[in-house]
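In what follows, a single structure is set out as structure tokens and then discussed.
In listed order, ligands and their atoms are each counted from 1.
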Amino acid sequence: ATKIQWWHAMGGENGAKLEQIAKGFNASQSDYEIVPVYKGTYDETLTGAIAAFRAKQQPAIVQVYEVGTGTMMAAQGAVYPVYQLMKDEGEAWDQSKFIAPVVGYYSDTSGNVLSLPFNSSTPIMYYNKDVFKKAGLDPETPPKTWAEVESFSRTIMKSGAAKCGFTSAWISWIQTENLNALHDKPYSTKANGFGGLDAEFTFNNDLTIRHWDNLKKWQDEGLFKFGGPVGGDNAPPMFYSQECAMYMNSSAGRAAVINNAKGFKVGFAPLPFYDDVIKQPLNSIIGGATLWTLKGRPEEEYKGVAKFFTYLQKPEVQADWHQFSGYLPITEAAYKLGQDQGYYEKNPGADIGIKQLTRVTPTDNSKGIRFGNYVQVRGIIDDEFAALLGGKKTAKEAVDSVVARGNEQLRDFESAN
Ligand SMILES: O=P(O)(O)OC[C@H](O)CO
């Protein structure tokens with residue numbers, strides 16, 4: 001069989017499941033063998049794939065997180081657009097199968113989806129129902145607003161039910177990018193970067209500054225515990241050990257929550273918002289990743305890639321992956337299959353992400369973001385957030401600095417492309 005490398009960034013429960021999916025495809029035919037290779041975090045996987053391409057060592061398939069989309073789209077000589085691949089290899093391709101927010105996020109200016117949607121997510125809030133009960137809070141009523149997150153956290157701590165109110169993974173994705181989308185604030189000019197490489201960041205607005213300032217104050221009071229840079233790997237254990245009562249992370253944290261949050265009941269809720277800024281928050285934006293096909297591999301591999309991509313779109317494969325991991329059902333058929341199976345009734349909260357993502361028609365501010373060099377910008381966000389938490393900068397200084405340094409990255413990318 002022709003071997004086809006699939007570089008990916010899925011560790012833990014979801015990584016094991018991804019390997020099963022590859023095995024499922026390999027067992028379904030004998031011409032091709034998909035070989036999954038774990039390359040570390042999303043930024044390590046993307047950086048590694050770019051280096052490999054330059055060295056002519058690239059895999060046929062690489063999983064790239066949503067914020068790497070701008071970089072991949074600009075790398076025209078390196079990527080083989082999925083719609084083109086499927087056409088060339090005679091495989092069926094119908095973009096209307098995918099849910100609208102996914103198509104919107106991954107289409108080029110002509111409306112073509114360039115990479116295969118595979119694992120789209122959106123951030124949600126997980127909370128410990130037992131701790132809520134112990135603190136005298138209603139376990140069926142999670143906080144809706146940031147004011148409630150603050151007051152519930154204080155109640156929880158004062159009652160001794162838990163040591164910390166809340167933690168969060170991904171300060172960049174959840175507490176900065178999604179924060180602005182939910183409140184209908186532009187993240188940059190040019191429709192959050194969808195309108196061109198000459199976009200400039202503008203998210204150093206009152207909302208971001210106020211929120212970062214609150215996070216610093218809440219940290220100092222002990223209500224909030226920082227989960228660490230990049231994805232915030234320290235956040236999940238603080239929730240599993242019942243140290244923090246609430247926890248914001250990707251909907252795809254679900255599999256690990258189910259596996260690790262032992263001995264207490266978990267509730268699922270939408271992300272909180274500031275109700276004096278917006279009465280009803282907009283949709284959250286998607287995260288997770290898509291599968292990009294890279295050029296320059298032997299011709300026979302591409303037929304196998306196309307067949308594998310057809311396999312991944314099967315409703316039963318997609319629904320199984322979604323239900324196991326917490327990634328969204330990214331095709332309408334996979335969502336419907338789950339409904340017909342009674343999955344959402346049997347698993348309350350499993351559809352929080354999809355509902356939050358599709359609750360309104362997205363505006364230019366909530367459709368997503370698209371920038372080059374965004375791996376670097378995420379690094380700058382983490383740097384400046386650390387400076388804020390360490391008391392070296394005020395929230396305004398930190399956020400202004402992210403925007404100034406981030407804009408340098410955008411200008412570098414613009415001149416190189
Ligand atoms: O944890 P994931 O896979 O849902 O991804 C989270 C963010 O989208 C990464 O940018």
Side-chain angles (χ1 to χ4, degrees), residues 7-18 21 38-47 62-72 99 101-102 105-106 115-126 167-182 187 192-193 227-236 239 247-260 268 271 283-292 321-322 324-330 350 352-354 356-357 366-382 385:
W7 286 14
H8 70 88
M10 302 277 91
E13 289 80 359
N14 293 344
K17 185 70 180 178
L18 179 150
I21 294 173
Y38 175 62
K39 293 305 245 185
T41 60
Y42 280 132
D43 48 340
E44 286 162 353
T45 304
L46 174 57
T47 309
V62 61
Q63 182 186 35
V64 177
Y65 62 167
E66 87 288 14
V67 291
T69 304
T71 295
M72 296 303 286
I99 57 171
V102 168
Y105 199 100
Y106 291 104
S115 52
L116 182 78
F118 170 61
N119 62 310
S120 290
S121 62
T122 205
I124 61 167
M125 180 162 64
Y126 301 85
T167 183
S168 177
W170 299 104
I171 294 300
S172 50
W173 182 46
I174 305 177
Q175 309 301 346
T176 313
E177 297 152 24
N178 268 281
L179 173 84
N180 278 277
L182 290 172
Y187 201 72
N192 282 3
V230 196
D233 285 349
N234 300 331
F239 182 68
Y247 156 59
M248 291 162 219
N249 196 1
S250 168
S251 58
R254 183 183 169 85
V257 162
I258 289 170
N259 212 9
N260 294 291
F268 306 85
L271 290 179
N283 60 292
S284 53
I285 55 182
I286 59 174
T290 55
L291 305 184
W292 289 81
W321 168 237
H322 148 61
F324 174 87
S325 63
Y327 281 110
L328 303 166
I330 51 177
I352 285 284
I354 182 98
Q356 179 182 254
L357 185 76
S366 70
K367 207 176 130 185
I369 57 172
R370 184 174 296 163
F371 304 108
N373 277 353
Y374 203 73
V375 174
Q376 290 82 335
V377 178
R378 283 249 174 117
I380 295 169
I381 292 175
D382 287 334
F385 193 73

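- Interface of S121 with ligand 1, defined as ligand atoms under 4.0 Å from a residue heavy atom, comprises 2 (P), 4 (O).
- Counting only distance, with no hydrogens or angles, the side chain of W321 and the backbone of F118 share a donor-acceptor pair below 3.5 Å.
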Item to check | Chi angles and distances behind the side-chain hydrogen bond (donor to acceptor under 3.5 Å, both in side chains) call for S325, N14 | outcome: CA-CA 6 Å; S325 63; N14 293 344; 4.7 Å; no
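- For atom 2 (P) of ligand 1, the nearest non-hydrogen atom from the set Y327, W173, Y374 comes from Y327.
- The residue from T71, L291, T45, L46 that alone fulfils the side-chain contact (heavy atoms from CB on, under 4.5 Å) condition with V64 is L46.
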Next on the checklist: Using side-chain hydrogen bond (donor to acceptor under 3.5 Å, both in side chains), reason through S168 and W170 one step at a time and then give a plain yes or no.
Outcome noted: CA-CA 7 Å; S168 177; W170 299 104; over 6 Å; no
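- Among the atoms of G287, none of the N or O lies under 3.5 angstrom from an N or O of ligand 1.
- Between F239 and Y247, the ring-plane angle classifies as parallel under the 30° and 60° cut-offs.
- The shortest N/O to N/O separation between N119 and ligand 1 does not fall below 3.5 Å.
- Of all the heavy atoms of R378, the ones lying under 4.0 Å from any atom of ligand 1 belong exclusively to the side chain.
- On a distance-only criterion, Y65 and ligand 1 share no N/O pair closer than 3.5 Å.
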